[in-house]
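Labels below follow one simple rule: chain letters A, B, ... track the order of the sequence lines, proteins then strands, and each chain is numbered from 1. Since we're looking at a predicted model, the values are computed, not measured.
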2 protein chains.
Amino acid sequence: MSNDAPPSDRPARTLADLARLAGVSAGTVSRALTNSSLVNPETRQRIQALAAAHDFRVNQMARRLRTQKTGVIGVVVPLGHERRQHLSDPFFMTILGHLADALTENGYDVMLSRIIPDAEDWLERIVDSGMLDGVLLIGQSDQFEAIERVARRYRPLVAWGSCQPGQVHCTVGTENMTGGRLAAEHLIARGVRRIAFLGELRAPELRERFEGVRAATEAAGLPEPLQLDTHLASEMMEQEIAAHLVRHLARIDGIAAGSDMIAMTTLRVLADQGMTVPGDVPVVGYDDLPLGLQTVPRLTTVRQDIARGARAMVERLFARIAGQDAPSLVMPPELVVRDSA
Amino acid sequence: MSNDAPPSDRPARTLADLARLAGVSAGTVSRALTNSSLVNPETRQRIQALAAAHDFRVNQMARRLRTQKTGVIGVVVPLGHERRQHLSDPFFMTILGHLADALTENGYDVMLSRIIPDAEDWLERIVDSGMLDGVLLIGQSDQFEAIERVARRYRPLVAWGSCQPGQVHCTVGTENMTGGRLAAEHLIARGVRRIAFLGELRAPELRERFEGVRAATEAAGLPEPLQLDTHLASEMMEQEIAAHLVRHLARIDGIAAGSDMIAMTTLRVLADQGMTVPGDVPVVGYDDLPLGLQTVPRLTTVRQDIARGARAMVERLFARIAGQDAPSLVMPPELVVRDSA
DNA sequence: TCTCGCATTGCAATCGATTGCAACAAGCCT
DNA sequence: AGGCTTGTTGCAATCGATTGCAATGCGAGA
């Protein structure tokens, strides 16, 4: 329970050191430490004890060079259209948490990259670095083509995002258009006639959500929704939304936000402007982040099952690493009605 | 702008492949690709062009084995006393975002580990893996001893957390006791007489914050603050806090939360119970996470300058990697008065 | 007693890039 | 003309672990 290891005379940094100490060859030590059945059980015990006593740990660099497996998965956040967006964005962090959990449970390490794709070959550099057994992309940003190009030749790659017909790369995500429609239908059912959609349309996911909103208004014979750009960097979002609302609030009576973060900021701004939610303006979010439970009022939102999505991404990635094929997954979104609409 | 690379006849995966193609030796190719002045400029050009044409990228595993540098920093979240706490905890994610930004700007990759320290040598395994040039710990959890033990022999290690006198490992953090005192003094100045501190005391940081609160009440001649345990896993936090408040709300008139997450949940629970903040009960948080700006009412809190702290951690780590010594940094906390108290 | 098989172990090649040192050529000086 | 510097390049060792193959020793069966 307290200090136990006998003071190690010499550091014993390599297999060869340990082999000398044990009076055997390096090969035998290697086999002993991997519990190979090719070594005598007694020898194995002895070597393992010696290794423990000397705090020996194999050099992963060498092991990985030799075995051509790294045990590392890259988790990459491409910030193409929104350079100022921070890695600490709650959606990224939520899905990253789930991915990291799933990967570490399976014995993989996680290498995190926040990438601003200014070089054309940003993704090539990652997948060809020789450091990774596979790559998970959190979001497609505006890099659809780059992802397609790499996916054509690099199998162990799975992205969170939207799935276009005929697309090469494997994605996990929700039916964004359906989700947008659900949000809008809910607002319409509550009597909203003129919806504002907060969020810009460069990333495919948001574009589809907006299309869903539009489809719903069209089906209900209502006027076109008002689309308002919103940067994702939190520093600027609040002012931007405030400006939008000051200008347009008179002409709208309900808000569909492109994400929960946008919705939360909107709640905040509306409170500042003395508007009540949902009384004066109902607000619907998108994502169902845990944070939505903490807002006042609690956020009505379109749920993406992020935990399930993360598990699915990891499963598909492992299948692809194993050489099998894995299709994309499009999950149905689900409206979660709480207090904001 | 479109596809440019001439179709690569043979993959050219290794330096040797490329050397054969170029009619030179592997050593020359290596030097050419690292812009060494030891090769003829023309040769260098030629080889670099060839490398680009064949999409050649050096094998990082081999390079790192040979150079004994990995270019990877481990960012580790030890979850000792709170196994159910999720990696997506906003504090972790906020600081992780800043760390990742600072590290990638300096050309390092980030390896993320969420560790449940059930094995005694969890940290040894990480630092001795041969995969990392240095390690950053986000929080000390209840693993103070394990960290000290490793820090005695492993230099490039910096932790976020509290700094005890005489401690070996390098930390960056705030004066938690002062912070607790600031929060309590603010509450007292607003007329609060009986403070509840929400948060458990196993991690040194929270313990110090509580001590600060106690010092303030003592100095003001007020009764001892009421300390209430709160798990950090968000699934349970809300119910737990609700239960605490139902039982104790009659006996207290102000709340100092151990963290902003706890404070946010408390706001939520109080709203549910029909209490107004700060009218009925003022609430002070701790951390000053960006999220505190989004709550209703906006959170009054004790600010830790997380961005500065992250930069300081990275600076100190680099200094230690370079063999210099770097002292711990204890930053002064700052009360940020907004609307919740 | 001889041979064969089995259980262990050692040997040496291998993964792919880096780098100190030697080799070589061309040009310059005395 | 010989020696020397300067500029390039190749050679081969090295980083540390893994693994196919050969070698060893033992006991059992014929």
Side-chain angles (χ1 to χ4, degrees), chain A residues 10-48 50-52 54-72 109 125 127-133, chain B residues 10-48 50-52 54-72 109 125 127-133:
Chain A
R10 294 177 191 178
R13 301 215 39 73
T14 74
L15 278 190
D17 292 346
L18 210 55
R20 202 173 313 118
L21 256 31
V24 297
S25 75
T28 302
V29 175
S30 171
R31 284 185 273 252
L33 293 181
T34 53
N35 284 316
S36 161
S37 61
L38 286 174
V39 301
N40 184 310
E42 288 170 25
T43 319
R44 190 197 309 168
Q45 292 287 334
R46 193 164 53 85
I47 294 178
Q48 289 188 353
L50 201 65
H54 287 259
D55 292 330
F56 177 79
R57 259 156 295 256
V58 299
N59 182 312
Q60 294 294 334
M61 233 76 229
R63 159 189 254 283
R64 291 168 184 192
L65 170 61
R66 178 59 227 245
T67 59
Q68 305 284 30
K69 306 217 156 199
T70 69
V72 181
D109 289 325
R125 281 193 207 176
V127 303
D128 292 331
S129 72
M131 285 290 300
L132 304 174
D133 287 347
Chain B
R10 296 176 188 179
R13 302 215 39 73
T14 74
L15 279 191
D17 292 346
L18 210 55
R20 203 172 312 118
L21 256 31
V24 297
S25 75
T28 301
V29 175
S30 172
R31 283 184 274 253
L33 294 180
T34 54
N35 282 318
S36 161
S37 61
L38 286 173
V39 300
N40 184 308
E42 287 171 25
T43 320
R44 190 196 309 168
Q45 291 287 334
R46 193 164 53 85
I47 293 179
Q48 289 187 355
L50 202 65
H54 287 258
D55 291 330
F56 178 80
R57 259 156 296 253
V58 300
N59 182 312
Q60 293 295 334
M61 234 74 226
R63 158 189 256 281
R64 290 167 184 193
L65 170 62
R66 178 60 229 243
T67 59
Q68 304 283 35
K69 305 217 156 197
T70 69
V72 180
D109 289 325
R125 281 193 207 176
V127 303
D128 294 331
S129 72
M131 284 291 299
L132 304 174
D133 287 347

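- Contact between A/G130 and A/T70 at its shortest, heavy atoms only, is O-CG2, 3.7 Å.
- Partner of A/Q48 under the side-chain contact (heavy atoms from CB on, under 4.5 Å) criterion, chosen from A/V29, A/T43, A/N35: A/N35.
- Remark: P of D/dT18 and CG of A/L18 are 12 Å apart, rounded to the nearest angstrom.
- With rounding to whole Å, A/L65 atom CG is found 12 Å from C/dT18 atom P.
- Rounded to whole Å, atom C1' of D/dG16 lies 16 Å from atom CZ of A/R57.
- Regarding contacts with the backbone of C/dT9, a side-chain N or O of A/T43 is found under 4.0 angstrom from either OP1 or OP2.
- If you measure from atom CG of B/N59 to atom C1' of C/dT18, you get 13 Å, rounded to the nearest angstrom.
- Residues from residues 24-31 of chain B with heavy atoms under 4.0 angstrom of DNA chain D, sorted by number: B/V24, B/S25, B/T28, B/R31.
- Atom CD in A/Q60 sits 11.0 Å away from atom CG in B/D128 (nearest 0.5 Å).
- Side-chain contact between B/M131 and A/M131: present, with at least one pair of heavy atoms (C-beta onward) separated by less than 4.5 Å.
- Two residues, A/L38 and A/L15, neighbour DNA chain D, and the one matched to the more 5' nucleotide by heavy-atom proximity is A/L15.
- The distance between atom CG of A/N35 and atom P of D/dT18, rounded to the nearest whole Å, is 12 Å.
- Atom CD in B/Q60 sits about 15 Å away from atom C1' in C/dC15, given to the nearest Å.
- Atom pair B/D128:CG and D/dG16:P shows a separation of 14 Å (rounding to whole Å applied).
- OP1 or OP2 of D/dT18 has not a single side-chain nitrogen or oxygen of A/Q68 nearer than 4.0 Å.
- The shortest side-chain heavy-atom distance between A/L50 and A/F56 does not fall under the 4.5 Å cut-off.
- If you take CG on A/N59 and CZ on A/R13, they are separated by 8.0 Å, rounding to the nearest 0.5 Å.
- Taking side-chain N and O atoms only, A/R63 has a distance below 4.0 Å to OP1 or OP2 of D/dT18.
- Residue whose closest nucleotide on DNA chain C sits further toward the 5' end, between B/M61 and A/R44: A/R44.
- Ranked by how close their nearest DNA chain D nucleotide is to the 5' end, A/L33 and B/N40 are led by B/N40.
- D/dG16 atom P lies 17 Å from atom CZ of B/R64, rounded to whole Å.
- The CG atom of A/L21 sits 10.5 Å away from atom CZ of A/R46, with the distance rounded to the nearest 0.5 Å.
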